[in-house]
Enquirer: 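If you scroll down you'll find the structure; I have some questions about it.
Order of appearance sets the numbers: ligands from 1, and atoms from 1 within every ligand. Atom set for the values below is all heavy atoms of this structure, side chains included, hydrogens, waters and symmetry mates excluded.
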Amino acid sequence: MLNATILIADDDEDIRLALNLLLSAHGYKIIEASNAKEITIKAQSQQPDLVLLDMNFSLDTTSGQEGLAILAQLKPLAIPVILMTAWGSIELAVEGLQNGANDFIEKPWNKIKLLNSIEQQLKLSKVTQQNQGFKQLLSNETNKHWVSQSQSMQQIEQLVEQIAPTDANVLILGENGTGKSQLAERIHQLSLRQHEPLITVNMAAIPENLFESELFGHQKGAFTDAKQHRTGRFTLADKGTLFFDEIGSLPISLQPKLLRVLETGQFEVLGSSQTQTTNVRLISATNADLDKLIDEDKFRQDLLYRLNTLVITLPALKDRIEDIQPLSEHFIALFCQKYKKAPLAFTDNALKKLKQHSWPGNVRELSHVIERAVLLAMTDSIDDKQLMIEQTTNKAAGDITLQPLEAAEQQLIEKALKVSSGQVSEAAKLLDISRNALYRRLEKFGIQYEA
Ligand SMILES: Nc1ncnc2c1ncn2[C@@H]1O[C@H](COP(=O)(O)OP(=O)(O)OP(=O)(O)O)[C@@H](O)[C@H]1O
Ligand SMILES: [Mg+2]
């Protein structure tokens with residue numbers, strides 16, 4: 001990239017000179033630094049676009065500790081760093097990458113490799129800078145991107161905008177992963193209560209005996225284990241929104257307790273006789289068929305009437321194919337950002353395949369498929385094969401042979417290496433362990449890998 005400034009950080013004068021000649025000849029402006037102090041000062045004051053950092057300073061020529069310490073000091077500056085390590089010190093390079101370096105090259109360097117790496121890191125850092133604003137939007141929970149391109153979702157969108165500012169209770173129905181939880185959040189954000197809390201209660205996750213204490217709170221000593229006062233969710237959500245997720249999982253025995261507070265707006269904290277009043281807006285969600293549960297005497301009709309003032313049913317993804325492309329493009333950008341990858345695009349075949357799939361896990365499944373494809377992407381595009389849709393959907397979850405745990409572990413590692421074409425770092429991501437943890441296992445099982 002023209003006019004980019006590179007800080008060469010190495011204590012060896014000959015190396016600085018050689019690099020300076022090479023990089024100046026390719027149009028880069030050069031700053032040099034020879035010790036830790038000088039490096040941080042120059043990085044701060046002159047704000048280079050990239051730092052080439054030697055890991056083996058004379059103080060300590062092999063362990064790389066000083067290099068790692070400098071790396072830590074450079075981190076807050078958000079300048080891309082390429083490490084230079086002695087040939088064969090892969091462990092150190094890996095440690096550096098885990099501590100925020102962007103790439104590494106081995107000394108003596110290959111000129112083309114070095115120039116390519118510099119070029120690529122400069123490009124990536126430009127993209128990252130451009131995406132800073134976008135990133136802030138994403139990290140801000142209140143601004144999660146909501147895709148609603150299809151006609152059915154457009155209608156829902158209209159309804160949502162209309163009802164969000166009212167205090168009407170809303171029941172959101174839909175299969176797993178259709179976006180119920182995100183929609184609940186969105187309704188709260190569009191409501192007049194947006195600056196008040198949104199409190200979620202997952203009905204499937206509360207043990208029966210703690211239900212009242214969770215919802216209404218308890219006083220110290222209210223029951224044997226009540227060692228401390230606890231504030232209930234109704235109190236926490238006061239003036240705001242209470243989101244009952246998985247409402248279909250609420251046991252019938254507990255339903256009268258919820259019904260009373262919904263009918264009267266009143267409740268008592270466990271251990272107290274004082275009646276409290278609550279002012280909450282209620283949103284609930286479920287993937288269960290509540291009418292069927294009512295027929296089976298598992299859900300109370302009168303409770304349903306309290307919840308379903310307005311009902312929104314999110315359609316399955318396969319019934320709104322027009323949303324698939326915009327959702328996919330949203331997720332690809334999101335995950336490129338998350339995994340610090342250069343922007344990726346789908347091939348036409350990949351888009352076709354995405355639209356053909358039946359998506360039993362709906363939007364969540366789509367997001368997982370794309371996350372994996374982004375992690376495994378080797379080029380600047382994602383092809384249909386890289387989506388690996390068949391493999392994931394045709395295989396029953398329980399379809400795994402019973403065998404000793406170590407053998408299964410070895411098999412999983414070999415498979416991860418295979419699908420990531422031998423790239424240890426990618427395989428580690430797939431297995432959700434650190435690179436070091438994977439290296440240890442590779443050694444343990446004697447699995448061949450490319451350093
Ligand atoms: N319309 C949409 N636009 C953008 N992202 C979406 C949309 N719908 C769903 N998602 C994303 O898909 C994932 C699943 O959505 P969510 O958790 O809201 O589904 P759910 O219906 O609550 O699932 P479950 O039934 O498992 O609780 C989330 O990461 C969510 O952000
Ligand atoms: Mg949910």
Side-chain angles (χ1 to χ4, degrees), residues 134-135 137-161 164 170-190 198-206 233 241-250 282-290 292-293 299 307-308 310-339 346 354-355 357-375 387 389 392-393 397:
F134 180 54
K135 197 161 148 194
L137 279 182
L138 287 175
S139 66
N140 185 349
E141 292 271 302
T142 60
N143 279 308
K144 268 192 199 161
H145 186 62
W146 176 250
V147 172
S148 56
Q149 186 127 317
S150 62
Q151 213 182 350
S152 50
M153 288 298 280
Q154 282 287 306
Q155 280 171 3
I156 288 174
E157 190 56 18
Q158 254 180 17
L159 181 67
V160 164
E161 279 168 24
V170 184
L171 173 64
I172 306 172
L173 302 175
E175 291 177 8
N176 279 325
T178 44
K180 298 183 295 298
S181 298
Q182 198 181 324
L183 180 60
E185 222 174 89
R186 187 168 161 73
I187 293 174
H188 174 74
Q189 295 309 338
L190 293 171
L198 165 69
I199 303 290
T200 298
V201 186
N202 186 335
M203 293 298 189
I206 306 183
R233 308 287 174 102
T241 306
L242 195 52
F243 174 39
F244 288 149
D245 205 358
E246 316 232 19
I247 187 78
S249 306
L250 180 63
L282 208 66
I283 304 178
S284 356
T286 183
N287 55 14
D289 180 346
L290 291 180
K292 187 163 160 255
L293 291 180
F299 206 85
L307 305 174
N308 72 355
L310 287 157
V311 179
I312 297 176
T313 305
L314 285 174
L317 187 55
K318 68 170 183 323
D319 297 328
R320 43 174 161 127
I321 294 173
E322 298 142 274
D323 287 336
I324 290 178
Q325 182 163 352
L327 276 169
S328 305
E329 278 159 5
H330 160 57
F331 288 131
I332 206 172
L334 186 79
F335 293 122
C336 282
Q337 175 95 47
K338 178 171 168 191
Y339 295 113
F346 296 107
L354 288 168
K355 289 176 190 169
H357 185 60
S358 64
W359 302 110
N362 295 293
V363 185
R364 180 176 297 109
E365 183 190 356
L366 176 66
S367 95
H368 288 171
V369 162
I370 292 173
E371 180 165 14
R372 185 186 48 213
V374 166
L375 273 175
L387 295 170
I389 294 178
T392 53
T393 49

Enquirer: State whether the side chain of Asn362 and the backbone N or O of Arg364 hold a donor-acceptor pair below 3.5 Å, judged by distance alone.
Expert: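 No, the answer is negative, given that no donor and acceptor are paired below the 3.5 Å cut-off.
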Enquirer: Counting N and O atoms only, with roles assigned by atom type, does the side chain of Gln182 sit under 3.5 Å from a partner on the main chain of His145, one being a donor and the other an acceptor?
Expert: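 The answer is yes, because a donor-acceptor pair under 3.5 Å joins these two groups.
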Enquirer: Kindly identify the option in Arg186, Arg364, His145, Glu365 whose heavy atom sits closest to atom 13 (C) of ligand 1.
Expert: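 Result: the heavy atom closest to atom 13 (C) of ligand 1 is in Arg364.
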Enquirer: Can you confirm whether Val363 sits close enough to Phe331 that some side-chain heavy atom of one is under 4.5 Å from a side-chain heavy atom of the other?
Expert: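 Yes, their side chains come closer than 4.5 Å.
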Enquirer: Could you list which atoms of ligand 1 come closer than 4.0 Å to a heavy atom of Asn176?
Expert: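 Once the distances to Asn176 are compared, the set is 25 (O), 26 (O).
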Enquirer: Has ligand 1 got any nitrogen or oxygen that is less than 3.5 angstrom from a nitrogen or oxygen of Thr178?
Expert: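 For ligand 1, there is an N or O atom that lies under 3.5 Å from one belonging to Thr178.
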Enquirer: Which atoms form the tightest heavy-atom contact between Leu354 and Ser328, and what is the distance?
Expert: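 Between these two residues, the closest heavy atoms are CD1-OG, 3.6 Å.
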Enquirer: Please find the pair of heavy atoms, one from Glu371 and one from Lys338, that lie closest to each other, and give the distance.
Expert: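 Between these two residues, the closest heavy atoms are OE2-NZ, 3.2 Å.
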Enquirer: For Leu387, is there any backbone N or O sitting under 3.5 Å from a side-chain donor or acceptor partner on Arg372?
Expert: yes
Enquirer: Check each heavy atom of Leu327 against ligand 1 and say whether those closer than 4.0 Å belong to the side chain, the backbone, both or neither.
Expert: side chain
Enquirer: Identify the heavy atoms of Ile283 and Ala184 that sit nearest to each other, and give their distance.
Expert: CD1-O, 3.6 Å
Enquirer: Which protein heavy atom lies closest to atom 29 (O) of ligand 1, and at what distance to 0.1 Å?
Expert: Ser367 OG, 4.8 Å
Enquirer: Could you check atom 12 (O) of ligand 1 against the protein and tell me its nearest heavy-atom contact, residue, atom and distance included?
Expert: Val363 CG1, 3.4 Å
Enquirer: Lys180 side chain to Leu314 main-chain N or O, any donor-acceptor pair under 3.5 Å?
Expert: no
Enquirer: Determine whether any protein heavy atom is located less than 4.0 Å from atom 10 (N) of ligand 1.
Expert: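 It does: a protein heavy atom is found less than 4.0 Å away from atom 10 (N) of ligand 1.
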Enquirer: For atom 20 (P) of ligand 1, what is the closest protein heavy atom, and at what distance to 0.1 Å?
Expert: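 Checked against all protein heavy atoms, atom 20 (P) of ligand 1 sits closest to Lys180 N, 3.4 Å.
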Enquirer: Show all protein N/O/S atoms under 2.8 Å from the Mg ion (ligand 2), or state that there are none.
Expert: Ser181 OG
Enquirer: Evaluate the ring planes of His357 and Trp359, with Trp represented by its six-membered ring, and classify them as parallel (under 30°), tilted (30 to 60°) or perpendicular (over 60°).
Expert: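 Perpendicular, since the angle between the ring planes exceeds 60°.
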Enquirer: Taking distance alone, with no angle check, do Gly177 and ligand 1 share an N/O pair under 3.5 Å?
Expert: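 For ligand 1, there is an N or O atom that lies under 3.5 Å from one belonging to Gly177.
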Enquirer: So, is Gly179 polar-close to ligand 1, with some N/O to N/O distance under 3.5 Å?
Expert: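 Among all N and O atoms of Gly179, at least one is under 3.5 Å from an N or O of ligand 1.
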Enquirer: Look only at the side chain of Gln154 and the backbone of Ser148, and say whether a donor-acceptor pair between them is shorter than 3.5 Å.
Expert: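 Yes, because the side chain of Gln154 sits within donor-acceptor range (under 3.5 Å) of the backbone of Ser148.
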Enquirer: What protein heavy atom sits nearest atom 3 (N) of ligand 1, and how far away is it?
Expert: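 Answer, as residue, atom name and distance: Val147 N, 2.8 Å.
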Enquirer: Give the residue, atom name and distance (to 0.1 Å) of the protein heavy atom nearest atom 7 (C) of ligand 1.
Expert: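 It is Trp146 CZ3, 3.7 Å.
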Enquirer: Write down the atom of Val160, the atom of Leu183, and the distance for their closest heavy-atom approach.
Expert: CG2-CD1, 3.9 Å
Enquirer: For the backbone of Gly361 and the side chain of Asn176, can you confirm whether one donor and one acceptor N or O come within less than 3.5 Å of each other?
Expert: no
Enquirer: Decide whether an N or O pair under 3.5 Å exists between Leu183 and ligand 1.
Expert: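 No, since none of the N or O atoms of Leu183 sits under 3.5 Å from an N or O of ligand 1.
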Enquirer: Gln182 versus ligand 1: do any nitrogen or oxygen atoms come within less than 3.5 Å of each other?
Expert: yes
Enquirer: Quick check against the 3.5 Å criterion: does Arg320 have a side-chain atom that pairs as donor or acceptor with the backbone of Pro315?
Expert: yes
Enquirer: For Ser181 and ligand 1, does the shortest N/O to N/O distance drop below 3.5 Å?
Expert: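 N/O-N/O distance under 3.5 Å: yes.
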